[in-house]
Asker: 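Okay, handing you the structure first.
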Amino acid sequence: QVQLVESGGGLVQAGASLRLSCAASGRTLRRFAMGWFRPVPGKEREFVAAVYWSGGGTLYTDSVKGRFTISRDYGKNTVTLQMNSLKPEDTAIYFCASATAPRNVAVTTTYDYWGQGTQVTVSS
């Protein structure tokens with residue numbers, strides 16, 4: 001089993017920054033990637049960003065490219081999402097997820113474990 005705990009959410013004004021962290025504990029030997037998702041109207045959860053665990057490569061949804069940066073600390077088993085130039089439409093609960101098998105990292109079904117989420121609210 002893997003446990004994921006997110007932190008770093010909050011209430012900020014448009015244009016501000018936030019840094020989300022996700023700490024993984026438990027059985028972490030097999031990990032392919034970690035990602036961040038957020039719920040949006042019409043979808044259960046929308047892909048935001050992912051990082052491939054061994055190589056560190058990253059993938060982003062178009063709406064956050066150039067504003068968000070995902071990174072992982074291999075030794076500390078953590079993944080971080082640095083969010084800059086936040087917009088009101090970024091308001092959501094952000095969920096961290098961990099995947100063990102090499103599949104498409106942009107879809108929720110790839111991920112085996114999920115955190116409880118952290119709220120991000122961006123006021124205009």
Side-chain angles (χ1 to χ4, degrees):
Q1 278 287 51
V2 174
Q3 294 80 43
L4 303 176
V5 178
E6 302 99 333
S7 61
L11 170 63
V12 297
Q13 290 189 328
S17 299
L18 278 175
R19 187 178 180 90
L20 305 184
S21 292
C22 176
S25 61
R27 188 174 177 178
T28 59
L29 292 180
R30 287 178 56 212
R31 181 173 299 140
F32 172 65
M34 291 188 73
W36 290 93
F37 288 77
R38 63 190 181 188
V40 295
K43 278 189 177 181
E44 183 181 346
R45 289 179 187 177
E46 169 192 62
F47 170 73
V48 177
V51 58
Y52 296 92
W53 199 248
S54 61
T58 58
L59 186 69
Y60 299 91
T61 192
D62 285 346
S63 63
V64 308
K65 283 180 182 176
R67 301 189 298 123
F68 291 10
T69 303
I70 188 171
S71 60
R72 82 309 191 221
D73 186 320
Y74 198 91
K76 294 182 179 179
N77 274 323
T78 59
V79 63
T80 299
L81 185 67
Q82 177 66 42
M83 305 187 296
N84 298 329
S85 302
L86 282 162
K87 303 175 180 180
E89 51 263 43
D90 294 318
T91 295
I93 299 174
Y94 284 71
F95 294 90
C96 172
S98 177
T100 57
R103 296 192 294 262
N104 182 353
V105 296
V107 298
T108 58
T109 52
T110 291
Y111 294 85
D112 309 283
Y113 304 100
W114 293 83
Q116 293 299 306
T118 185
Q119 177 71 47
V120 171
T121 304
V122 184
S123 63
S124 57

Asker: With rounding to the nearest 0.5 angstrom, report the CG to CH2 distance, Asn77 to Trp53.
Answerer: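 One finds 5.5 Å between CG of Asn77 and CH2 of Trp53.
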Asker: Under 3.5 Å, side chain of Ser21 to main-chain N/O of Ser7, donor-acceptor pair present?
Answerer: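 Checked: no pair found.
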Asker: Indicate, with yes or no, if Leu59 and Tyr74 share a hydrophobic cluster defined by side-chain heavy-atom contacts under 4.5 Å among Ile, Leu, Val, Met, Phe, Trp and Tyr.
Answerer: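 In one cluster with Tyr74: Leu59, no.
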Asker: If I compare all heavy atoms of Asn84 with all of Ser17, which pair ends up nearest, and what's the gap?
Answerer: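 Heavy-atom minimum between the residues: OD1-OG, 2.9 Å.
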Asker: Which distance, rounded to the nearest 0.5 Å, do you find between the CZ of Arg38 and the CD of Glu46?
Answerer: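 Interatomic distance, Arg38 CZ to Glu46 CD, rounded to 0.5 Å: 4.5 Å.
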Asker: Out of curiosity, does Val48 fall in the hydrophobic cluster containing Val12 (side-chain heavy atoms, cut-off under 4.5 Å, transitive links)?
Answerer: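 Same hydrophobic cluster.
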Asker: Do you know the tightest heavy-atom contact between Arg30 and Thr100?
Answerer: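 In this case the closest contact between Arg30 and Thr100 is O-CG2, 3.3 Å.
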Asker: Which pair of non-hydrogen atoms, one from Pro88 and one from Ala14, has the smallest distance, and what is that distance?
Answerer: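 Minimum heavy-atom separation between Pro88 and Ala14: CD-CB, 4.1 Å.
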Asker: What I'd like to find out is whether the side chain of Cys22 reaches to under 4.5 Å of the side chain of Trp36, using heavy atoms alone.
Answerer: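 Sidechains of Trp36 and Cys22: in contact.
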Asker: Check the hydrophobic clustering (I, L, V, M, F, W, Y; side-chain heavy atoms under 4.5 Å; chains of links allowed) and say if Leu4 and Phe32 are grouped together.
Answerer: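 Different clusters: Leu4 never reaches Phe32 through Ile, Leu, Val, Met, Phe, Trp or Tyr contacts under 4.5 Å.
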Asker: CZ of Arg72 to OG1 of Thr80: how many Å apart, nearest 0.5 Å?
Answerer: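 Answer rounded to 0.5 Å: 11.5 Å.
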Asker: On a heavy-atom basis, which atom in Met34 and which in Cys96 lie closest, and how many Å separate them?
Answerer: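 Closest heavy-atom pair between Met34 and Cys96: CE-SG, 3.6 Å.
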Asker: Within this structure, what is the CG-OG1 distance for the pair Leu81 and Thr69, rounded to the nearest 0.5 Å?
Answerer: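 Here the interatomic distance stands at 8.0 Å.
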Asker: Looking only at atom types and distance, does a side-chain atom of Glu6 sit under 3.5 Å from a main-chain N or O of Gln116, one as donor and one as acceptor?
Answerer: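 Present.
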Asker: In terms of hydrophobic clustering (I, L, V, M, F, W, Y; side-chain heavy atoms under 4.5 Å; direct or indirect links), are Val105 and Tyr113 co-clustered?
Answerer: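 Unlinked, Val105 and Tyr113 end up in two clusters.
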Asker: Using ring centroids (six-membered ring only for Trp), state whether Phe37 and Tyr94 fall under 6.0 Å.
Answerer: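 Ring centres of Phe37 and Tyr94 not closer than 6.0 Å.
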Asker: Does some side-chain heavy atom of Thr108 sit less than 4.5 Å from a side-chain heavy atom of Phe47?
Answerer: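 In short, these two side chains do not touch, never coming nearer than 4.5 Å.
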Asker: Side-chain contact test, heavy atoms from C-beta onward, threshold under 4.5 Å: evaluate it for Tyr111 versus Arg45 and give yes or no.
Answerer: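 Result no, sub-4.5 Å side-chain heavy-atom pair not found.
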Asker: I need the Thr58 OG1 to Phe68 CZ distance, nearest 0.5 Å.
Answerer: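 Answer rounded to 0.5 Å: 14.0 Å.
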Asker: How far apart are the closest heavy atoms of Ala92 and Gln119, and which atoms are they?
Answerer: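 The answer is O-NE2, 3.4 Å.
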Asker: Donor-acceptor check, side chain of Tyr60 to backbone of Ile70, threshold 3.5 angstrom: yes or no?
Answerer: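 Present.
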Asker: Would you compute the distance between atom CG of Leu86 and atom CD of Gln13 and round it to the nearest 0.5 angstrom?
Answerer: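 It is 11.5 Å, given to the nearest 0.5 Å.
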Asker: Taking it one step at a time, do Gln82 and Ser71 satisfy side chain to side chain contact (heavy atoms under 4.5 Å, CB included)?
Answerer: CA-CA 8 Å; Gln82 177 66 42; Ser71 60; over 6 Å; no
Asker: So, are Lys87 and Asp90 salt-bridged, with charged N and O less than 4.0 Å apart?
Answerer: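 So Lys87 does not pair with Asp90 through a salt bridge.
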Asker: Could I get the full list of salt bridge (charged side-chain N to carboxylate O under 4.0 Å, His left out) partners for Lys76, not counting sequence neighbours?
Answerer: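 Salt bridge (charged side-chain N to carboxylate O under 4.0 Å, His left out) list for Lys76, sorted by chain: empty.
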Asker: Please check if Val120 and Val64 belong to a single hydrophobic cluster, counting links between Ile, Leu, Val, Met, Phe, Trp and Tyr side chain heavy atoms closer than 4.5 Å.
Answerer: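 Linked within one cluster.
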Asker: Could you tell me whether the side chain of Thr91 and the main chain of Val122 form a donor-acceptor pair under 3.5 Å?
Answerer: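 Yes; at least one donor-acceptor contact below 3.5 Å.
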